[in-house]
Amino acid sequence: MRKHVPKTPRLVFPVCLAVCLALLASVARAENTLDVVRGRGVLVCGVNTGLAGFGLPDDRGLWRGFDIDYCRAVAAAIFDDPGKVKFVPLSGKDRFTALQSGEVDLLSRNTTWTQSREAGQGLLFTGINYFDGQGFLARKKLGLDSASKLSGASICVQQGTTSELNLADYFRKSGFRAETVVFSTADEAIKAYDSGRCDAFTTDGSALYVQRMKTTSPDDHEVLPEIISKEPFAPVVRQGDDRWFNLVKWTHFALLDAEELGVTSANVEQLRKSDNPEIRRLLGVEGDFGAGLGLPADWVVRIVRAVGNYGEIFERNLGADSPLKIPRGLNAQWRQGGLHYAPPVR
Amino acid sequence: MKARVKNVALQALLLAAVGGLLIAAVANAGANLAARGIPTSFAFLDHVAGFGINQSLIPYSPLSSYARALLAGLLNTLLVSALAALFATLIGFAAGFARLSGHWALSKLAALYVETVRNIPLLLQLLFWYVAILAPLPGPADSLSLPGVLLNNRGLNLPAPNFAPGAAFVAAAFLAGAALAYWRRRSGGRRSMATTALLLFGPALATFFVFGRPIGLDFPVYDAAVNRFNVEGGLRLPPEITALVLALSLYTGSYIAEIVRAGVNSVPRGQSEAAAALGLKPAQARKWVILPQAMRIVTPPLISQYLALTKNSSLAAFIGFADLMQVSGTILNQTGAAVQVIALDMVIYLALSLATLGLLRLYERRFHWGAAR
């Protein structure tokens with residue numbers, strides 16, 4: 001090749017580009033997320049652009065929240081260091097594309113598990129970590145005691161969410177007509193609602209309380225009693241990497257199992273001497289349950305030491321120890337009347 | 001000769017390389033998407049969209065298909081672009097001539113407008129206008145009203161024509177009358193205004209009453225008993241579209257003003273002096289001497305502004321207006337068909353730009369601007 005066109009450096013560039021791209025493409029095909037993350041030395045986690053309680057940077061720029069702690073738990077399991085996470089804030093619209101394209105390793109962003117998102121978009125939801133449902137925020141002075149009285153109203157909603165679809169469904173089911181005004185972010189939607197553009201604002205129940213705080217006078221607004229949908233949130237990974245899927249899924253189960261067995265960040269070290277065989281297996285004292293996940297035997301110890309168990313994460317970010325004061329409700333352990341039921345580590 | 005052959009061969013090689021690269025990229029993307037279980041076809045366009053669009057020029061409901069949702073978004077983009085292009089041209093030409101005028105205050109005001117507006121990011125202006133429109137307006141219950149018109153923070157409500165069965169006959173009668181009047185004038189009949197008017201409106205009016213007044217006006221009404229939240233009936237211009245058109249026209253207008261100023265300044269001063277010497281008044285000189293010469297210079301950059309305006313209209317998603325980008329963003333998110341949806345968007349915007357370009361080239365040729373050289 002070089003012999004025939006010695007004086008044409010112009011041609012070298014496109015040819016090089018073609019070769020490079022072809023190489024790049026073949027590398028991208030053989031995927032092993034755990035090795036990629038280990039090689040990079042940091043986990044890249046897609047999170048909310050800013051939703052108090054789930055994912056929001058604090059005044060020192062440190063990310064905090066329920067979804068953030070899930071990212072930290074995975075990082076702790078891999079690196080024994082919850083700080084080795086790079087957070088990528090993603091809008092509702094862009095989150096799946098970012099995950100599909102490999103921009104993030106894991107999507108932990110109050111994302112509802114639906115059939116089409118999983119089967120139709122090449123994604124896998126690793127396990128429900130928060131049971132939510134969609135509700136409405138409206139002005140108290142309207143005196144609405146039910147969402148069923150919203151017929152003919154204008155309703156603000158965020159784009160690219162299940163909320164947008166549930167809203168259309170809800171009005172279709174009840175035979176109502178309503179104007180939906182769709183904004184690209186939740187912030188713009190709540191601002192428009194606050195300025196009077198809409199009669200109601202709709203999103204997941206947990207976020208309604210957070211967004212209400214952003215209105216000019218939160219006390220003038222009320223959350224209507226109806227829950228119009230099921231919104232099971234789960235961390236999401238790409239299809240095609242079962243090992244990585246298992247690792248994220250079992251990080252979630254380990255957090256639940258730890259809570260069920262009473263293992264907390266405070267007592268995890270001393271419980272390693274426990275006689276309870278379930279605790280001994282969970283903490284890697286008996287058997288090596290980390291190996292199958294590509295992790296060391298003490299993987300659960302690493303997780304719980306870093307972020308605590310599920311209950312601690314919940315209370316710290318959303319529950320009694322947070323400004324949101326959301327009750328456990330459906331998110332309690334199955335023995336306490338909730339829905340969380342993790343398979344055992346054995 | 002030898003050099004030329006070599007040159008052609010090299011160019012062919014380059015084209016082949018780029019083409020090959022493109023084909024390889026498409027094939028590779030397709031294979032990778034399929035391997036990850038992401039849809040690779042356009043079949044999703046027929047599926048039910050499931051989401052609502054608050055402003056649509058065509059009948060649309062959440063039960064419509066994704067393709068129809070895209071079409072509704074496209075029409076909204078076209079509507080906003082056309083309106084904004086019209087207003088931007090009016091504002092731009094007015095401000096451009098104002099800035100050139102000898103009137104000191106007018107000239108400075110125009111300069112202030114141009115320098116302020118074109119130096120502030122468009123998105124910021126868009127958000128500003130949206131809030132500026134929403135904030136002072138009352139809710140629907142306390143709408144500001146003129147006879148038949150209601151203004152509130154949900155939009156400007158105007159009376160809308162409504163058509164009952166039979167309306168088509170009235171329209172047909174009007175067309176027939178118009179054709180008759182036209183034919184009469186062409187065939188050199190006596191040009192009486194009264195006869196023309198009679199021919200034009202007579203058949204339509206007769207049909208109108210024969211069919212029991214099938215065309216009427218639907219007035220917007222606020223009645224808490226019917227709908228306590230919103231005004232019902234009539235035609236509604238939501239604040240989103242108003243803010244978008246306002247922001248786009250003012251922003252693009254500031255650029256057009258500068259283009260007009262540059263165009264007029266580029267016409268040699270001798271031309272206006274010659275026009276004055278011939279006894280033309282300044283307004284006449286502007287119209288017959290300066291503008292035709294300036295337009296030759298103004299048209300190409302003007303085209304770029306219209307193209308930029310159409311593309312800038314995609315900022316609509318920030319203020320909740322369902323334009324092409326906003327609708328396709330939702331579709332992309334729901335179907336996961338990112339590559340297809342973005343490709344469709346690109347093709348549509350490209351087609352819009354080429355169509356705009358074609359129209360303006362036609363206009364240029366028609367007036368022989370640019371063709372003279």
Side-chain angles (χ1 to χ4, degrees), chain A residues 5 8 10-11 14-15 17-18 21-22 25-26 28-29 92-97 100-101 116-117 119-123 142 149-154 156-157 159-161 164-165 167-169 171-172 177-185 188-189 191-192 195-200 238-240, chain B residues 10 13-14 17-18 20-21 24-25 28-29 31-33 35-39 44 49-55 61-63 127 130-131 134-135 137-140 152-154 226-230 232 236 238-240 317-322 326-327 329-330 332-338 342:
Chain A
V5 281
T8 52
R10 267 181 307 170
L11 212 78
V15 171
L17 196 71
L21 276 181
S26 57
R29 289 295 299 278
K93 174 167 97 62
D94 300 328
R95 54 187 156 177
F96 301 122
T97 317
Q100 286 160 346
S101 65
S116 68
R117 283 176 174 177
Q121 301 202 26
L123 305 175
L142 287 174
K149 295 187 176 153
L150 281 172
S151 182
S154 301
C156 285
V157 64
Q159 181 188 19
T161 55
E164 200 183 344
L165 296 174
L167 185 63
D169 277 0
F171 285 102
R172 212 167 99 200
R177 219 168 22 80
E179 182 200 26
T180 44
V181 192
V182 184
F183 295 83
S184 53
T185 69
E188 272 134 22
K191 247 185 283 169
S195 68
R197 176 66 182 86
C198 296
D199 302 297
R238 281 183 293 279
Q239 283 179 16
Chain B
L10 274 179
L13 211 62
L14 182 67
V18 172
L21 189 66
N28 181 47
N32 276 345
L33 288 177
R36 289 190 172 154
I38 299 168
F44 68 90
F51 59 89
I53 293 180
N54 65 331
Q55 168 80 7
S61 82
L63 286 172
L127 295 174
Y130 190 47
V131 175
L134 279 188
L137 289 175
N152 55 46
N153 58 16
R154 307 295 159 81
V226 177
N227 182 351
R228 59 179 296 203
F229 300 106
N230 278 312
E232 291 280 347
R236 191 169 59 99
E240 289 81 30
F318 284 93
I319 55 163
F321 180 70
Q326 201 235 37
V327 171
T330 302
L332 184 159
N333 183 273
Q334 279 183 27
T335 59
I342 298 288

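This is a predicted model, so every value here is computed, not measured. Here is the naming used below: chain letters follow the sequence lines, and residue numbers restart at 1 for every chain.
In this model, a donor atom of one side chain and an acceptor atom of the other lie less than 3.5 Å apart for B/Asn230 and A/Ser154. Judged purely by distance below 3.5 Å, without hydrogens or angles, the side chains of A/Gln159 and A/Ser184 never pair a donor atom with an acceptor atom.
Heavy atoms only, all atoms of each residue included: B/Ala322 and B/Asn54 are closest at CB-OD1, 4.4 Å.
Heavy atoms of B/Ala49 lying under 4.5 Å from chain A belong exclusively to its backbone. Contacts between A/Cys198 and chain B at a heavy-atom distance below 4.5 Å involve the backbone alone (N, CA, C, O). When heavy atoms are compared at a cutoff of 4.5 Å, B/Ala338 approaches chain A solely by way of its side chain, counted from C-beta outward. In this structure, chain A has a heavy atom under 4.5 Å from the backbone of B/Thr335, while its side chain stays farther away. With a 4.5 Å cut-off on non-hydrogen atoms, A/Arg238 touches chain B through its side chain but not through its backbone. Interface remark: A/Leu167 contributes no atoms to any contact with chain B (heavy atom separation under 4.5 Å). The contact between A/Lys149 and chain B is made entirely by backbone atoms, counting heavy-atom distances below 4.5 Å. For B/Tyr130, the part sitting under 4.5 Å from any heavy atom of chain A is the side chain, from C-beta outward, and nothing else. Heavy atoms closer than 4.5 Å to chain B are found in the backbone of A/Ser151, but not in its side chain. Heavy atoms of B/Leu63 lying under 4.5 Å from chain A belong exclusively to its side chain. Heavy-atom distances place the side chain of A/Glu188, and not its backbone, under 4.5 Å from chain B. In this structure, the portion of B/Asn227 lying under 4.5 Å from any heavy atom of chain A is its side chain and not its backbone. Using a 4.5 Å cut-off between heavy atoms, A/Ala119 contacts chain B through its backbone alone, with no side-chain atom that close. Contact of A/Thr97 with chain B is made through the side chain alone, with heavy-atom distances under 4.5 Å.
Chain B forms more heavy-atom pairs under 4.5 Å with one residue of A/Gly240, A/Gly120, A/Cys156 than with any other, namely A/Gly120. Highest contact tally toward chain A, considering only B/Ala337, B/Gly50, B/Gly320, is held by B/Gly320 [criterion: heavy-atom pairs under 4.5 Å]. Top candidate by heavy-atom pairs under 4.5 Å with chain B, chosen from A/Gln239, A/Glu179, A/Arg117, is A/Glu179. For the set B/Pro62, B/Ala29, B/Ala317, the count of heavy-atom pairs under 4.5 angstrom toward chain A peaks at B/Ala317.
Shown here is B/Arg228, whose CZ atom has more than 12 heavy atoms of other residues, nucleotides or ligands within 6.0 Å.
B/Leu134 is listed as a side-chain neighbour of B/Asn153, based on a closest heavy-atom distance under 4.5 Å. At a threshold of 4.5 Å between non-hydrogen side-chain atoms, the residues B/Gln326 and A/Lys93 do not count as touching. In this structure, B/Ile319 and A/Arg197 have side chains that are not in contact, with every pair of non-hydrogen atoms separated by 4.5 Å or more. Between A/Leu150 and B/Phe229, some side-chain heavy-atom pair lies under the 4.5 Å cut-off.
With sequence neighbours left out, B/Gln55 forms a side chain to side chain contact (heavy atoms under 4.5 Å, CB included) with B/Asn76, B/Pro238, B/Phe321.
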Carefully, step by step, assess A/Phe96 and B/Leu332 under the rule side chain to side chain contact (heavy atoms under 4.5 Å, CB included). CA-CA 9 Å; A/Phe96 301 122; B/Leu332 184 159; over 6 Å; no
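Between the OG1 atom of A/Thr185 and the NZ atom of A/Lys191 there is a distance of 7.0 Å, given to the nearest 0.5 Å.
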